[in-house]
Colleague: 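Sending over a structure as structure tokens; questions will come in a sec.
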Amino acid sequence: MTDYLDEALELFEYTQELRRDFHRYPELGFQEIRTGGIVARELNTLGLEVTTGVGKTGVIALLEGKEPGPTALLRFDMDALPIHEETGAIYASQNPGLMHACGHDGHTAIGLTVARILQAHRDELAGTIKFVFQPAEEGLGGAEAMIKDGILENPRPDISLALHLWNEKPLGWIGAAGGPVMAAAEIFRIRVVGKGGHGAVPQLAIDPVLAAAQIITAVQSIVSRNVSPLQSAVVSVTTMRSGEAFNVIPPEVELQGTIRTFDPEVRQRVLERFNQVVSGVGGALECQVEVDVKSITPAVSNDPELATRFQKTIACLLPESKLITDYKTMGSEDMAFIMREIPGCFFFIGSANPEQGLDAAHHHPRFDFDERALSQGAAVMAAVASEYLSKE
Ligand SMILES: [Zn+2]
Ligand SMILES: [Zn+2]
């Protein structure tokens with residue numbers, strides 16, 4: 001078997017240089033012009049068939065193996081976040097207020113490295129690799145935009161693969177589970193409308209602040225009382241806006257937050273109870289309540305058979321690593337839209353190094369990771385893709 005880790009390590013300087021370059025010049029979702037340009041340039045250099053402007057700023061490339069066979073879609077996201085970087089790194093962001101704080105700079109560099117590695121092995125591949133460099137993963141709908149532009153056709157992929165560098169876990173840790181690994185996410189907005197008045201004369205007003213407070217408390221009963229203790233769900237109220245003056249009862253309160261679940265039945269039950277509890281509690285306190293719940297992404301669910309197959313590949317590739325086969329997180333990912341159509345696997349590559357201070361959380365202004373995780377990620381993707389397209 002080819003030692004893909006060795007090959008990825010040989011390309012480490014290439015990967016690191018790309019990652020640091022993307023890190024210096026982060027771009028928000030659907031604005032990845034520079035990033036997408038470099039991606040297209042590198043893929044063209046390899047002689048792949050490249051298409052740009054897919055899903056606005058996305059790039060795809062086809063790598064044909066020597067013999068016909070199935071198609072594997074490999075997806076890498078490219079967008080940054082509206083965060084002011086505080087890492088102090090020599091490769092820190094040169095674009096004020098923008099930062100690669102989720103590791104997508106690393107994902108893009110990994111993707112280009114995988115393309116290099118697999119292009120060198122194309123004679124050993126039976127089938128097609130479809131490289132998908134996706135814009136706007138961070139809640140802006142990049143995956144859906146690319147699907148709309150046809151990435152799931154011509155050829156239609158048989159499997160889909162993606163990864164995330166994962167700072168919750170140290171370098172050397174790999175998560176590759178079967179079944180759901182990231183949650184379905186909804187955003188909710190609630191308007192609690194009462195009747196404003198003088199803070200000293202509450203009997204003439206209808207206080208939406210009190211009603212909102214009761215709603216916030218009551219929705220916490222859903223996870224504890226309506227969901228089995230053996231299943232997972234999150235209801236988080238994360239914003240609360242109302243009022244200007246200490247002596248005025250405001251006319252309304254606005255709440256926002258998120259709901260996370262893995263299981264479709266649990267999701268259904270939580271959403272149903274959420275509407276009942278919010279409307280019921282608000283109504284009991286004489287307020288008008290408007291509830292708006294929107295789905296952001298479905299759950300990311302790994303195909304169990306593919307997961308078992310690739311766990312073996314990864315165990316052979318990285319015998320020293322800590323391979324975890326039941327890891328999941330309540331975070332969400334728009335790769336779910338691709339994996340809803342095409343069975344696949346989503347891997348987590350441990351990237352933290354606490355001794356070097358590289359362990360800030362994703363989306364934190366001091367987020368940074370141990371760059372050795374780049375080679376591990378590239379090796380994993382190259383190995384599982386080539387295993388899937390191997391001629392034997
Ligand atoms: Zn993120
Ligand atoms: Zn991310």
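Atoms within a ligand are numbered from 1 in the order they appear, just like the ligands themselves. A quick note: this is a predicted structure, and the numbers were derived from the prediction, not measured.
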Colleague: Using the Zn ion (ligand 1) as the vertex, how large is the angle between SG of Cys102 and NE2 of His363, rounded to 10 degrees?
Modeller: 110°
Colleague: Could you tell me whether Gln276 atom CD has more than 12 heavy atoms of other residues or ligands within 6.0 Å of it?
Modeller: yes
Colleague: Taking 2.8 Å as the cut-off, does an N/O/S atom of Glu138 lie below it from the Zn ion (ligand 1)?
Modeller: yes
Colleague: Does the shortest distance from the Zn ion (ligand 1) to an N/O/S atom of His362 fall below 2.8 Å?
Modeller: no
Colleague: Taking only Lys NZ, Arg NE, NH1 and NH2, and the carboxylate oxygens of Asp or Glu, determine whether Glu290 and Arg189 approach each other closer than 4.0 Å.
Modeller: no
Colleague: What distance separates Ile38 CD1 from Ile33 CD1, expressed to the nearest 0.5 Å?
Modeller: 12.0 Å
Colleague: Is atom CD of Glu286 surrounded by more than 12 heavy atoms (other residues, nucleotides or ligands) closer than 6.0 Å?
Modeller: no
Colleague: Rounded to 10°, how many degrees is the angle NE2/His104-the Zn ion (ligand 2)-NE2/His164?
Modeller: 120°
